[in-house]
Amino acid sequence: MLTENLAKLFERDILKLKAEMSLYTDEALLCRTLPGTSNPAGNLCLHLLGNLQHYIGAVLGASHYKRNRPEEFSSRNVPLANMLQQLDHVAVLIPKTIRSLSTEILETEYPEKVFDYPMTTQYFMIHLLAHLDYHLGQINYHRRLVENS
């Protein structure tokens with residue numbers, strides 16, 4: 001039951017991220033950093049793609065994805081079409097991987113040390129969903145500001 005709910009929520013919010021990114025009218029705006037912020041929308045999207053593909057796709061789904069976290073924040077001018085294509089891939093990969101997790105796996109410790117404390121896989125999946133939604137909100141706010149400036 002929990003895996004199905006998590007899978008549906010991740011799929012919903014990854015598709016919301018794709019829709020939000022598609023609303024940018026000028027790809028150059030994806031790289032614009034606003035005063036008081038560190039990361040433009042393009043980098044936040046790349047970060048979410050790397051985060052989800054690593055922590056869920058590779059660690060739990062054995063997808064063999066190799067993450068380059070510094071590049072998620074330093075890359076500029078990544079074509080929007082590339083990000084949208086990756087989001088389509090992730091929108092299938094992540095729910096499929098989550099649905100494959102047994103209750104036993106969810107209740108065991110997440111297999112990679114991420115924080116300074118142990119956590120169950122279930123706990124970390126909820127954290128990752130909150131992380132996705134946090135950055136989705138930042139991207140929405142960024143788009144509305146840069147589109148109206």
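Everything quoted here is computed from the prediction, not taken from an experiment. Excluded from the calculations below are hydrogen atoms, water molecules and symmetry mates; all remaining heavy atoms, backbone and side chain alike, are included.
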Test item: [X] side-chain N/O and [Y] main-chain N/O as donor-acceptor pair under 3.5 Å:
{"X": "Tyr110", "Y": "Tyr55", "value": "yes"}
{"X": "Glu107", "Y": "Thr120", "value": "no"}
{"X": "Ser63", "Y": "Ala58", "value": "yes"}

Any donor-acceptor pair under 3.5 Å linking the side-chain atoms of [Y] with those of [X]?
{"X": "Asn148", "Y": "Arg144", "result": "no"}
{"X": "His142", "Y": "Tyr24", "result": "yes"}
{"X": "Gln86", "Y": "His89", "result": "no"}

Nearest 0.5 Å please: distance from the [atom1] atom of [X] over to the [atom2] atom of [Y].
{"X": "Gln138", "Y": "Arg143", "atom1": "CD", "atom2": "CZ", "result": "14.5 Å"}
{"X": "Leu17", "Y": "Leu87", "atom1": "CG", "atom2": "CG", "result": "5.0 Å"}
{"X": "Leu2", "Y": "Glu4", "atom1": "CG", "atom2": "CD", "result": "10.5 Å"}
{"X": "Leu101", "Y": "Thr108", "atom1": "CG", "atom2": "OG1", "result": "9.0 Å"}
{"X": "Asp26", "Y": "Leu80", "atom1": "CG", "atom2": "CG", "result": "10.5 Å"}
{"X": "Lys16", "Y": "Asp133", "atom1": "NZ", "atom2": "CG", "result": "7.0 Å"}

Do [X] and [Y] make a side-chain contact, defined as non-hydrogen atoms from C-beta onward lying under 4.5 Å apart?
{"X": "Leu84", "Y": "Lys18", "result": "yes"}
{"X": "Phe10", "Y": "Ile56", "result": "yes"}
{"X": "Glu112", "Y": "Phe124", "result": "no"}
{"X": "Glu109", "Y": "Met119", "result": "no"}
{"X": "Val78", "Y": "Met83", "result": "yes"}
{"X": "Ser100", "Y": "Leu60", "result": "no"}

Shared hydrophobic cluster for [X] and [Y] (ILVMFWY, side-chain gaps under 4.5 Å):
{"X": "Tyr134", "Y": "Tyr123", "value": "no"}
{"X": "Val114", "Y": "Leu129", "value": "yes"}
{"X": "Val90", "Y": "Val59", "value": "yes"}

**Study point:** Minimum-distance pair of heavy atoms, taken over all atoms of Ile98 and Ala7
**Key:** CG2-N, 3.9 Å
Revision key, fill the gap. Closest non-hydrogen atoms of Ala91 and Leu15, given as atom of the first, atom of the second and distance, are CB-CD2, 3.9 Å
Check your understanding: Checking side-chain contact (heavy atoms from CB on, under 4.5 Å) for the pair His54/Lys66: CA distance, chi angles, key distance, verdict?
Key -> CA-CA 7 Å; His54 173 76; Lys66 300 294 182 218; over 6 Å; no
List the atom pairs, with distances to 0.1 Å, where a side-chain N or O of residues 29-50 and a protein N or O form a donor-acceptor pair under 3.5 Å, not counting sequence neighbours.
residue: Thr37; atom: OG1; partner: Leu34; partner atom: N; Å: 3.2
residue: Thr37; atom: OG1; partner: Leu34; partner atom: O; Å: 2.6
residue: Asn43; atom: OD1; partner: Arg76; partner atom: NH1; Å: 2.4
residue: Asn43; atom: ND2; partner: Glu72; partner atom: O; Å: 2.9
residue: Asn43; atom: ND2; partner: Phe73; partner atom: O; Å: 3.3
residue: Asn43; atom: ND2; partner: Ser75; partner atom: O; Å: 2.8
residue: His47; atom: ND1; partner: Arg67; partner atom: NH2; Å: 3.4
residue: His47; atom: ND1; partner: Glu72; partner atom: OE1; Å: 3.0
residue: His47; atom: NE2; partner: His131; partner atom: NE2; Å: 3.1

Exercise for review: Please lay out, stage by stage, how Ile14 and Glu11 fare under the test side-chain contact (heavy atoms from CB on, under 4.5 Å).
Suggested key: CA-CA 5 Å; Ile14 292 165; Glu11 181 178 27; 6.0 Å; no
Practice item. Please list, chain by chain and in numerical order, all residues satisfying side chain to side chain donor-acceptor pair (under 3.5 Å) with Gln85, sequence neighbours excluded. Key: none
Practice item. Show your reasoning for whether side-chain contact (heavy atoms from CB on, under 4.5 Å) applies to Lys8 and Arg99. Key: CA-CA 9 Å; Lys8 286 179 181 178; Arg99 285 184 176 105; 4.0 Å; yes
